[in-house]
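See below for the structure under consideration.
Reminder, nothing fancy here: chain letters follow the sequence lines and each chain counts from 1.
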Protein chains: 2
Amino acid sequence: MAQDEVDRLTEAWRHERPDLDVSPMEVLSRVSRLARHLDRERRAAFAEHGLEPWEFDVLAALRRAGEPYELSPGVLLGQTLVTSGTMTARVDKLTARGLVSRRRDEDDRRAVRVRLTEFGKKSVDAALEGLLANERRLLAGLGAEDRKRLSDLLRTLVLPFDDAPS
Amino acid sequence: MAQDEVDRLTEAWRHERPDLDVSPMEVLSRVSRLARHLDRERRAAFAEHGLEPWEFDVLAALRRAGEPYELSPGVLLGQTLVTSGTMTARVDKLTARGLVSRRRDEDDRRAVRVRLTEFGKKSVDAALEGLLANERRLLAGLGAEDRKRLSDLLRTLVLPFDDAPS
DNA sequence: CACAAATATCTTGGCGCCAAGATAACAGAC
DNA sequence: GTCTGTTATCTTGGCGCCAAGATATTTGTG
């Protein structure tokens with residue numbers, strides 16, 4: 001198997017800091033670096049459907065919620081891992097683009113309801129298909145069994161974060 | 001095995017879009033989400049040694065280069081995956097903090113040499129040890145064999161990116 | 001040598017993010 | 001009903017990033 005960047009990186013560390021065990025990097029640095037590459041892939045895939053990654057994240061959360069594709073900013077916060085100020089700005093821009101609509105909740109007038117427009121729904125549906133097509137391409141090097149093994153191993157690492165409120 | 005966020009996410013998609021095969025997400029969304037959690041962990045680990053993640057990235061590249069811990073901004077670009085403008089700003093701030101020094105290259109006066117100071121070396125060495133200690137903790141749920149399997153599978157996915165100049 | 005192209009770095013402008021605090025509305029105790 | 005604390009959202013200020021272009025220097029060609 002050919003060397004990747006992380007192999008070169010750990011080799012350099014072992015040369016400079018032979019007293020340390022840098023093996024944890026072999027797993028975790030690969031996760032971080034792969035994620036950075038995936039970010040770029042996502043950006044490219046969504047761009048073909050006129051969406052930014054952060055736009056997709058919000059629209060997808062609404063789409064997953066099912067009819068009537070409507071959630072409050074507070075619920076969207078939890079799903080997208082951003083702060084409330086960021087979410088306000090996101091909904092502003094999505095509203096300006098006509099991808100979502102925003103209206104005050106009549107029952108609780110502090111609250112707001114963000115709803116997918118028909119245009120928003122079409123956009124996110126198309127973008128999702130593009131994303132999945134590209135992800136299938138990226139995973140082509142792995143057989144079904146390896147994918148299962150990989151996702152199980154990753155779940156083990158993620159679980160402590162998803163359980164505990166980080 | 002308990003459900004993680006990605007399990008819930010794919011379940012929601014399968015309910016709303018039963019026509020699509022969302023299984024690629026089971027691998028790649030876990031990679032992205034785990035990476036986000038790791039970012040926070042890194043930030044916390046480095047903060048104990050007075051460093052920001054982006055500071056560590058630059059200092060670590062210089063440290064890995066070995067004596068005399070000196071590289072040009074151009075080389076640092078390649079190692080840290082940021083643009084030249086970003087690197088200029090980073091070196092500015094690191095210089096202001098006394099973690100690196102910057103001087104013009106005498107042989108090629110377009111070029112610059114960024115060198116780790118003694119303070120920078122001490123900082124990055126300490127931060128690295130803290131990072132590794134924390135990473136070992138995060139990997140505690142996995143045996144040696146699983147770690148090997150995981151890093152091999154991840155290498156397979158990363159290699160196409162590291163080879164091709166994306 | 002002179003000039004065009006390449007190279008290395010820096011500058012500028014704009015965007016998205018977070019942290020912290022401000023605002024508005026609700027809910028419970030009395 | 002009124003006060004106090006809580007909740008939901010928005011506003012402000014600052015930071016780090018990128019893209020694109022500017023500047024300075026070197027290299028190659030004739």
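The base of D:dC17 is not paired with the side chain of B:Thr83 by any donor and acceptor separated by under 3.5 Å.
Residues A:Leu142 and A:Leu150 share a closest heavy-atom pair of CD2-CD2, 3.7 Å.
Across D:dA8, C:dT9, D:dC10, the shortest atom-to-atom separation from the side chain of B:Thr88 is found for C:dT9. The side chain of A:Val112 sits closest to D:dC10 out of C:dT9, D:dC10, C:dA25.
Note: CZ (A:Arg36) to P (D:dG16) measures 17 Å, nearest angstrom. Whole-Å rounding puts the B:Glu55 CD to D:dC15 P distance at 13 Å. When the C1' atom of C:dA19 is taken as reference, atom CE of A:Met87 falls 16 Å away, rounded to whole Å. Rounded to an integer number of Å, the gap from CZ of B:Arg42 to P of D:dG16 is 15 Å. Regarding B:Asp108, its CG atom lies at a distance of 12 Å from the P atom of C:dT7, rounded to whole Å. When rounded to the nearest whole Å, the span between CD of A:Glu52 and P of C:dG16 equals 7 Å. Atom pair B:Leu81:CG and D:dC17:P shows a separation of 12 Å (rounding to whole Å applied). Atom CH2 of B:Trp54 and atom P of D:dC18 are 13 Å apart (whole Å).
Look at B:Thr86 and you won't find any side-chain N or O under 4.0 angstrom from OP1 or OP2 of D:dG16. Remark: B:Arg90 is in phosphate contact with D:dC17, judged by side-chain N or O atoms under 4.0 Å from OP1 or OP2. For the pair B:Arg110 and D:dT26, the criterion of a side-chain N or O lying under 4.0 Å from OP1 or OP2 is not met. OP1 or OP2 of D:dC15 has not a single side-chain nitrogen or oxygen of B:Lys93 nearer than 4.0 Å. At the phosphate of D:dC10, OP1 or OP2 sits under 4.0 Å from a side-chain N or O atom of A:Arg102. Proximity of B:Arg104 to the phosphate of D:dA24: no side-chain N or O atom is located under 4.0 Å from OP1 or OP2.
Look at B:Arg33 and B:Asp4 and you find no salt bridge, because none of the NZ, NE, NH1 or NH2 atoms lies under 4.0 Å from a carboxylate O.
At a threshold of 4.0 angstrom between heavy atoms, the contacts of B:Leu77 with the nucleic acid are absent. Residue contacts shown for A:Leu76 are absent, as no nucleic acid heavy atom lies under 4.0 Å away. When heavy atoms are screened at a 4.0 angstrom cut-off, B:Gly74 is found touching the sugar-phosphate backbone but no base atom.
Panel note: side chain B:Arg90, backbone B:Asp57; no donor-acceptor pair is recorded below 3.5 Å.
Looking at heavy atoms from C-beta onward, A:Thr86 lies out of side-chain contact with A:Leu77 at the 4.5 angstrom threshold. Between B:Pro73 and B:Val114 there is a side-chain heavy-atom pair separated by less than 4.5 Å.
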